[in-house]
Every structure is written in C-alpha cells, then in structure tokens.
2 protein chains.
Amino acid sequence: MRAGIGTARSECEMSTDGIMIPQACTRCAVRSRALCSALSPSELTALNNASRFRTFTEGQTIVTEGDPSIIANIASGICIEKKAMADGREQIVSVLFPADFISGELDGVSDTTVQAVSDVKLCYHDRAGFQRLLGEHAGLQRAYLAHARHELANAREWMLLLGQKTAEERVATFLLRLATRYTDAGCRHYPLETAVDGMVFEIPITRAQIASYTGLTIETVSRKFRTLSDQGAIALDGTRAVRITNVARLRLLSE
Amino acid sequence: MRAGIGTARSECEMSTDGIMIPQACTRCAVRSRALCSALSPSELTALNNASRFRTFTEGQTIVTEGDPSIIANIASGICIEKKAMADGREQIVSVLFPADFISGELDGVSDTTVQAVSDVKLCYHDRAGFQRLLGEHAGLQRAYLAHARHELANAREWMLLLGQKTAEERVATFLLRLATRYTDAGCRHYPLETAVDGMVFEIPITRAQIASYTGLTIETVSRKFRTLSDQGAIALDGTRAVRITNVARLRLLSE
DNA sequence: CGTTACGTTGAACAAGATCAACCTCGGTGG
DNA sequence: CCACCGAGGTTGATCTTGTTCAACGTAACG
C-alpha cells in the first residue's frame, strides 16, 4: 500500500514538430492540457528535470490536511480533495481529473487532504525547482495564477450550490459538471448541447463521496438519481455509468 | 446614487521613515495591511500613479457578476461579494473589510457581484498599469498570488460550513470568523483567546445577508442568535452589537 | 407621528436526515 | 463450483431540523 517512487528523468527526443523536449513529456498523455502547456521547450525541459513520477493505488492518501503541500500534475487517474472536521464529518471540495494541478500555498501547508479514488500517476515537481522556474518564466507565472483563480471560481460556484440549491438541483448540477469536465477534457469543438445529449460517462466516485461533495446523505443522492431518471433527464446503467438523455431538462432541473 | 470619481494623484511627501512615498499613501489608513505593503517606495509610487480613489454609498453595486472585473483595494468601509441564480436566490461568498483586495480574473470578467454595505472608499488601480507592475515586481506578484490562494482557502473553509455544519454551528462560526477578522485587523499580539473573550464588535451586515452567507433563512439566524445568547456564549446589544462572553463555548458550538 | 425596513417570535409544514431492512455483486475460501 | 461475506447501493418508514407562513416588535427617518 506504499506509493511508488519514480526516478529523475533527463533524456530528450524530437517531438512531432521537430523540437527537442523531454522524452517523459512527449509520452505524457496530458501535456497539452496541463500547466506544462504554458511552457516553451526549454522551460519544459527545466521543469522536467525537477520532476519525477509517483504512483498511488485506489484509496491512498496523497497529501494530508496540515502537512506540507506538494506541487504535482495528475498524469492519470482521479483524486478528490477534502476538508475534515474534528468529529469526522468531511466535505469534498473538488474532484481532480488527469491534467489537473495539485498545489496549496507555495511555501506552506496543505489546507486539504488529497486522496486517490482510482490508481493514480502523478508528475511531482520539486518545490525549489518549481519556485525558481516560477520566478524566471512569465508564462508559468500566468498559468499558475490563472489556475488559482480558476479553482477559486469553482469553489464559489459550489458555495452557491451548497448554500442555496435543493437536493435535486445539487445532483443535477453535479452530473452536468461531470459531463462538462469530460467534454472539456476531450477538447470537443461542437456546441455543448449537442456534445452532451446522449453522452455516456462513468461517475468516478462512490455515492458516499457524491454525498459528501454535495452536502447530502447517500440515501438522498440515491433517491435523486432515481427521480432524475424517472423524469427522463438521465439513464443509469448499473451504479457508475450514466447517460445524459436530455441535457436541456437536466439543466432546467439544475436550477 | 452615483459613484464618486477621484482624480489621478502624484504629489509625494516624506513618510515617517524618511523615504519619499506618495502623499495619498502616507495618508492611507490601510497601507500597512493592504497588498501595497508588499511594495518598495518606488513600486508604491508607480502603482499610486496608476490609481485613483472612488467612493460608493451604502447599497451601491461596485461590480456586477459578468461585467469586466476591476482591481482595487478597500480604503474604508465594508463590501460583500455574492453570486446569484436566475430565480433570484443569492449566495454571499465573502465579506470584505478595509485593506481587502478586490480582483477577479486579471484580464476577464467578474464571477461575483461586489456591493457596498456601508459607505465605501476604494483605491482603484488601472488595469494596464497594474498588469505591467505585476510583470516587473516579484514582490507584487507574490502578494497577488498569495491573495488568490488565501481567498481559495477561505472559500473551501466555507464550503465545509455550508455542506456539513448545523444552523447553530454556522452562526457560531460566522461570529468567530468576524471576531478573528477584527482582531487580525487590529494586529493584536496577545493570544486569541484572551483577545476575543469579552470582545465587543459590530456585525457589519443585516440578518438577511447573514442568512445568505450561511445558507440559512433570516428566521433561523435570528433564533440561533437567541440560543447562543441563552447558552452564554454571546450577548447581543441591539441588533448589530455583539459581545463574545465565552469564546471557548462559542468555539465548541462552532463544531 | 406615520411609514417602512429590519428583526423577532410562534405555529404549521416539508425537505431531507436517520434508522432499518434488503438487494447486488465481486471477491474468497471451503 | 458454489456458499458466504462484506462493501456499496437502494428502498421504505419515521423523525427532525430548518423552512415557510403569519403576526407582531422596534427603530430610523421623512
């Protein structure tokens, strides 16, 4: 149950456009979407030299709230970020997908616990190396700042959900957000309505985790899945697979 | 009901430590706590040249969700930041105090509506000027980034409240956070327990706004104020003044 | 003084939580 | 191979918290 630890990497090879970039990066499935996409080949090489892969298995804790924060990209797999209360109640504050970035205060302590909900491969960045690069490269700066602001916008969107929405609206919103994440990740270029209608995807987390994320109980989540399905907005196939059968209706039910 | 518009400022004068900084800044009550505190005298002069004051009266909207975002410091007064749903439900996502910084995506659109809840004086920064400074001065960079991360941590803390806490816990937490804000602002150096016990302060927002902030109704907020008071944790004097009569108890009730 | 916005209090109600039973499915070991 | 086990999920009955609806206070302000 111990995390796999990678080794430093340095070999380079030609990318398709004829520029030398690190081998590990040419082979990286998420490079085009991750923070790395903001980097020039030389910047990418510098960052790569301060990076190594680590793997985690389902259920493993990657960082604990209160421990020193880490800087990493998700190369593959799904993680959740959560905050806990003394008595054990937990709030999931975000669900992280491949290409997502994990980072707390640059030089401090993590304010969340990050946990793998599938087998996960991370591209860890050395803190000192990352900070130096951040100082030297305006592109990385901008990307890093934009990431923080984007997370803030997400958190506030979710505050609106937790503070104001009904159970049904919460579950509908959760599904829409998942669908959006998947279409975004696939970089589709046609309108969202079309892209999402009929779309089938896997819910990457358990009912208990959905409950914690939406501020509901497992039972309520289960019941609302049922009613959304009864209303023809979605169709469930087993417990993890959903089909969006009517985005317009789902969107209507989401607020 | 129109916002007052200031004029550009450039005269300088000696500060107490014998260094030339802008007159407007020496006279600024919040300089030591605001983002400006990260700046050298020359940086401060540069930023000041790209800044002007504007005033707002109670209730005025400063930025609207979806409109271009602004970059400003609160020189005096209190604001709220909120998000709205199509049907009118609103979630307050933060309460802003003097020295707090207002800024959305650097080059984009605001994801919240900012509104004055008292008469407010803002120190507006010209966007282009601010961006240039940001590129040139590492100190400002760091401060700006730290601000975004700090807001993110606050938002997530509040997600835990909205998703998991009971009504009483929410109201207790709200009061504790207010008390902390006031002691922080005063830069006290003795332990928080001592500082807060017996402390009297003003609740800067209405019951309706507390309700929106905590995801409750006005009636529930009112009732929980009553029970907190019955339990001896606080004492209300009228509708806006509170005394923390027992921090330990209040903290206990906050989770 | 009304008038009005803000706040409190009480009674009835409902959304969602809790409690409990049962289902389903993917191991695991006899 | 199948019986058993346990984790995750669903469904139903009941209960509770907080909402809703309604009446009444209170204080600032023209």
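Note that the structure is a prediction, hence the values are computed from the model and not measured. Below, read A as the first sequence line, B as the second, and so on, with proteins coming before strands; counting in each chain starts at 1.
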(message) Tell me whether the side-chain N or O atoms of A:E219 pair up with the base of C:dC19 as donor and acceptor below 3.5 Å, since no angle test is needed here.
(response) yes
Integer-rounded Å distance: [N] [atom2] and [X] [atom1]:
| X | N | atom1 | atom2 | answer |
| --- | --- | --- | --- | --- |
| B:I218 | D:dA22 | CD1 | C1' | 13 Å |
| A:R207 | C:dT24 | CZ | C1' | 13 Å |
| A:I205 | D:dG8 | CD1 | P | 13 Å |
| A:L216 | D:dT17 | CG | C1' | 15 Å |
| B:D237 | D:dA27 | CG | P | 11 Å |
| A:L236 | D:dG8 | CG | P | 18 Å |
| B:R226 | D:dG25 | CZ | C1' | 14 Å |
| B:F225 | C:dT8 | CZ | P | 8 Å |

(request) Report yes or no: is the cationic atom of A:R33 (NZ for Lys, CZ for Arg) closer than 6.0 Å to the six-membered ring centre of A:F97, at no more than 45° off its axis? (result) no
(request) Establish, for the pair A:R207 and A:F225, whether the NZ or CZ atom is under 6.0 angstrom from the six-membered ring centre and no further than 45 degrees off its axis. (result) yes
(message) Whether the side chain of B:T245 engages the backbone of B:I234 through a donor-acceptor N/O pair (distance < 3.5 Å, no angle test) should be reported.
(response) yes
(message) Go nucleotide by nucleotide along DNA chain C from the 5' end; which of B:A208 and B:R223 gets its closest nucleotide reached first?
(response) B:A208
(request) Check whether any side-chain nitrogen or oxygen of B:T239 sits under 4.0 Å from OP1 or OP2 of C:dG7, and answer yes or no. (result) yes
(request) Assign A:G238 to base, sugar-phosphate, or nothing according to its heavy-atom contacts below 4.0 angstrom with the strands shown. (result) nothing
(request) For A:T217, report the nucleic acid contact type (base, sugar-phosphate, nothing); a contact means any heavy atom under 4.0 Å. (result) base
(request) Report the nucleotide, chosen from C:dG16, D:dT10, C:dG7, that has the shortest atom-to-atom distance to any side-chain atom of A:T220. (result) C:dG16
(request) Take A:R156 and B:E151 through the test salt bridge (Lys or Arg N to Asp or Glu O under 4.0 Å) and record every step on the way to the result. (result) CA-CA 10 Å; A:R156 288 173 163 183; B:E151 285 298 294; 3.1 Å; yes
(request) Decide yes or no for A:P204 and A:L178: does some side-chain heavy atom of the first lie under 4.5 Å from some side-chain heavy atom of the second? (result) yes
